[in-house]
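From a predicted model like this one, the values you see are computed outputs, not experimental measurements. The sequence lines fix the lettering, A, B, ..., with proteins before strands; numbering per chain opens at 1.
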Amino acid sequence: MIELDRVSKSYGGRRVVDALSLAVAAGEFCVLLGPSGCGKSTVLRMINRLVPCDAGAIRVGGTDITAIPAETLRRRIGYVIQSVGLFPHWPVEDNIATVPRLLKWPRQRVERRIGELLELLRLDPAIYRGKYPHQLSGGEQQRVGVARALAADPELLLMDEPFAAVDPVTRLALQQEIARIHKSTNKTVLFVTHDLEEALRLATRIAIMNEGRIVQAGRPLDIIERPANDFVRDFVGHQGRGLRLLAVRTVADRLRRGESAEGEALALDAPLSEALSAMTMRHTDRIPVEDGEGRRIGVVTLADLVR
Amino acid sequence: MRGVRLLARPLLWIGALFAALLSDMPALRPLFHWAFPAARPAIYDRDSFAALFLSHLAIVAAAGGAASAVGIALAVFVTRPCGRDFRALVDRLAAVGQAFPPVVVLALTVPAVGFGAEPTVIALFLYGVLPILANALAGLEGVPQAVREAAAGMGLSPFQILRQVELPLAAPAILAGVRTAVTVAIGTATIGSTVGAVTLGTPIFDGLAANKLPFVIEGAVLVALFAIVTDLLFAALEARLRRRLPA
């Protein structure tokens with residue numbers, strides 16, 4: 001879906017992005033992770049041409065991004081930023097309708113789409129359609145921001161630290177929301193953050209950036225288990241790596257089928273860290289596991305966690 | 001109840017008072033006779049007040065319209081990427097325009113364009129550009145960077161961003177500048193009567209020349225009411241524009 005081919009960008013003689021190559025396949029949730037100033041936002045902004053690249057080529061859906069007008073390209077790509085940037089003089093519904101109206105969708109289709117998106121983001125259309133941005137909380141604003149980015153059903157979503165400015169509880173809720181939306185719509189997402197926890201929670205693939213280059217890309221598990229160099233090792237943290245491993249592996253990895261145990265069951269896709277937490281709280285070393293339909297199919301044990 | 005609420009809106013009753021005085025000043029003749037027994041005639045009679053007002057209005061509208069067009073256009077230009085380099089120059093030019101008192105501009109333009117309304121329009125125009133430009137710049141520069149970035153990122157063209165996002169968000173500030181410029185221009189236009197412009201200042205200067213105090217009072221009261229009513233109109237419009245925006 002996205003291919004970056006030896007892309008570079010300099011600001012005033014300083015190389016912010018240095019011959020960077022990255023391919024993101026359709027349907028992936030790729031997190032670009034790195035410290036502040038490593039060039040990750042610049043990469044994102046080069047993909048929708050808010051920043052021109054100095055060298056290299058970028059293709060979106062197989063098309064070179066310089067082959068079509070910047071506005072046409074941007075209308076095909078959802079873009080969410082940390083400060084949201086809702087239009088303060090337009091109510092929620094007009095904000096969401098921005099791109100569909102630019103694309104001259106028929107009125108009825110736009111109206112229907114606004115309702116769909118508000119529901120997708122769990123905002124009651126009856127309450128929120130006519131509200132103005134300053135009447136919303138930070139979390140609600142970012143929900144509208146995401147709805148607006150999804151409005152014209154873009155194949156690709158670029159998100160630049162979208163949840164960095166909201167409180168931790170709201171952030172968790174928004175992360176769950178975007179994970180759910182990614183699963184149900186199968187959009188390709190390129191998500192920039194400096195927050196390792198967030199990356200581990202959301203990514204199907206993580207690309208770690210430092211000083212304008214990608215230092216390691218892979219599944220979250222690979223990054224934690226086999227850091228490519230000292231920078232990655234430092235970034236993911238020496239201490240607590242075991243806990244992070246538990247956070248990226250799921251109960252399904254350690255399931256003992258057929259056995260049973262007492263107490264509330266965990267879901268198959270719950271992280272092992274949740275199993276450990278439940279064991280600690282319940283003073284037990286066995287927790288039952290249920291599948292998507294709520295059938296108890298086995299257990300996970302303490303010995304299996306540390307295996 | 002409704003009547004009481006109407007009294008709470010000064011625009012309505014000050015506007016009504018202004019309209020009544022414009023059309024029916026002669027009705028106050030007994031009052032002026034009583035207050036100024038020596039003055040005859042007691043009511044300015046070389047022209048109707050309505051005609052003076054319309055001419056005054058036309059001068060202010062022409063100068064205000066031109067100053068708004070130029071001020072807003074300059075503010076838009078110097079906030080575009082192509083015009084950024086002209087920012088300092090435009091600031092300085094507008095400041096120079098403001099530095100010349102209108103009387104000086106009148107004195108300088110009369111030899112060039114002759115007596116009549118034109119020197120006044122030119123003076124008011126030069127005097128009005130700065131507040132309009134300064135306010136429009138503040139308004140355009142006050143548009144949050146995030147809003148601009150989101151607009152561009154969604155695929156609005158630069159012109160669409162200007163028309164749909166920047167100008168509406170800057171509108172209250174722009175209007176505040178126009179309000180200042182126009183209100184000042186209404187007062188200042190009166191001195192145009194010294195060089196042949198027909199305004200509500202005409203009875204004032206005629207009255208001063210002929211030592212007829214009633215003329216001076218009639219002109220001054222009408223000019224003051226004109227300025228107040230206009231200011232209140234702009235205030236109402238501004239409140240309307242701001243209603244949707246966060247504080």
(request) Name the region of A/L86, side chain, backbone, both or neither, that has any atom closer than 4.5 Å to a heavy atom of chain B. (result) backbone
(request) With rounding to the nearest 0.5 Å, note down the distance linking CD in B/E149 to OG in A/S83. (result) 7.0 Å
(message) Could you report the tightest heavy-atom contact between B/A150 and A/R148, atom names first, then the distance?
(response) CB-NH2, 3.3 Å
(message) Are there over 12 heavy-atom neighbours, none belonging to A/Q108, within less than 6.0 Å of that residue's CD?
(response) no
Distance-only donor-acceptor pairs under 3.5 Å for side chains of residues 86-93 of chain B, two or more places apart:
unit_1 : atom_1 : unit_2 : atom_2 : d
B/R87  : NE     : B/D91  : OD2    : 3.3
B/R87  : NH1    : B/E141 : OE2    : 2.4

(request) Can you see which heavy atom on A/Y79 is nearest to which on B/G153, and at what distance? (result) CD2-CA, 3.7 Å
(request) Determine whether more than 12 heavy atoms belonging to other residues, nucleotides or ligands lie under 6.0 Å from atom CZ of B/F234. (result) yes
(request) Select one option (side chain, backbone, both, neither) describing which atoms of A/R49 are under 4.5 Å from chain B's heavy atoms. (result) neither
(message) Applying a heavy-atom distance below 4.5 Å, give me the residues of residues 31-44 of chain A that approach chain B, sorted by number.
(response) none
Listing, residues 156-173 of chain B side-chain donor-acceptor contacts under 3.5 Å, not counting sequence neighbours, or none:
unit_1 : atom_1 : unit_2 : atom_2 : d
B/S157 : OG     : B/Q160 : N      : 3.2
B/S157 : OG     : B/Q160 : OE1    : 3.3
B/Q160 : OE1    : A/R75  : NH2    : 3.3
B/Q160 : OE1    : B/S157 : N      : 2.8
B/E166 : OE1    : B/R80  : NH1    : 2.8
B/E166 : OE1    : B/R80  : NH2    : 3.3
B/E166 : OE2    : B/R80  : NH2    : 3.4
B/E166 : OE2    : B/R148 : NH1    : 2.2

(request) Measure across A/P88 and B/V147 and return the closest heavy-atom pair with its distance rounded to 0.1 Å. (result) CD-CG2, 4.0 Å
(message) Let's test your reading of the structure: which of A/L158, A/V99, A/N48, A/V84 forms the most heavy-atom pairs below 4.5 Å with chain B?
(response) A/V99
(request) With a 4.5 Å heavy-atom cut-off (strictly below), which parts of residues 60-67 of chain A touch chain B? List them by number. (result) none
